[in-house]
Amino acid sequence: MRSIECVKCKNLDVVMRGKRYNKTGVKQLYRCNDCRSIFVEPDGFERMRHKKEDIVRAIHMHNDGLSLYKTQYHLRQHYDVNITRRTISQWTKKYGLFLKSASSNSKTH
Ligand SMILES: [Zn+2]
């Protein structure tokens with residue numbers, strides 16, 4: 001498990017402090033034992049314009065063999081999200097390997 005550092009003072013002495021629920025999902029909250037600031041775990045999706053679940057969904061569909069065009073079409077038709085094929089392609093390159101290794105542990109089939 002990687003260590004979390006405080007976003008303000010970079011101290012590694014941080015503790016979990018409950019969870020925050022919002023429309024993009026659940027965020028683990030942390031509190032720094034040094035400066036007492038509370039922050040959410042940075043997960044790499046922070047600056048994304050799109051919801052994490054949409055990104056994960058797009059990557060999975062594309063990895064399952066759907067073309068970029070079909071992935072884009074499906075997301076627009078079923079989830080009302082507009083993502084360019086270029087963006088999907090970039091996500092696949094950026095997060096594809098990470099998601100593959102993360103999901104291989106929980107797959108039941
Ligand atoms: Zn701190």
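Indexing begins at 1, ligand by ligand and atom by atom, following the structure's order. Values reported hereafter were calculated over all heavy atoms of this structure, with side chains retained and with hydrogens, waters and symmetry mates removed. FYI, the numbering just counts along the sequence from 1.
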Task: Within 45° cone of Y79 ring axis and under 6.0 Å: R57 NZ or CZ - done: yes
Pair up each side-chain donor or acceptor in residues 10-21 with any protein partner under 3.5 Å, not counting sequence neighbours, and list the distances.
| unit_1 | atom_1 | unit_2 | atom_2 | d |
| --- | --- | --- | --- | --- |
| N11 | OD1 | D13 | N | 2.6 |
| N11 | ND2 | D34 | OD2 | 3.3 |
| D13 | OD1 | N33 | ND2 | 3.1 |
| K19 | NZ | Q28 | OE1 | 3.3 |

Task: Proximal protein heteroatoms (N, O or S) of the Zn ion (ligand 1), under 2.8 Å - done: C6 SG, C9 SG, C32 SG, C35 SG
- [ ] Quick one: pull up CD1 in I83 and CG in L75 and give me the separation to the nearest 0.5 Å.
- [x] 5.0 Å
Open item on the list: Applying side-chain hydrogen bond (donor to acceptor under 3.5 Å, both in side chains), can you list everything that pairs with S89, at least two apart in sequence or on another chain?
Closed with: K93
Task: Between W91 and H50, ring centroids under 6.0 Å - done: yes
TODO: Evaluate the side-chain proximity of I55 to Y95: yes if any heavy-atom separation is below 4.5 Å, no if none is.
DONE: yes
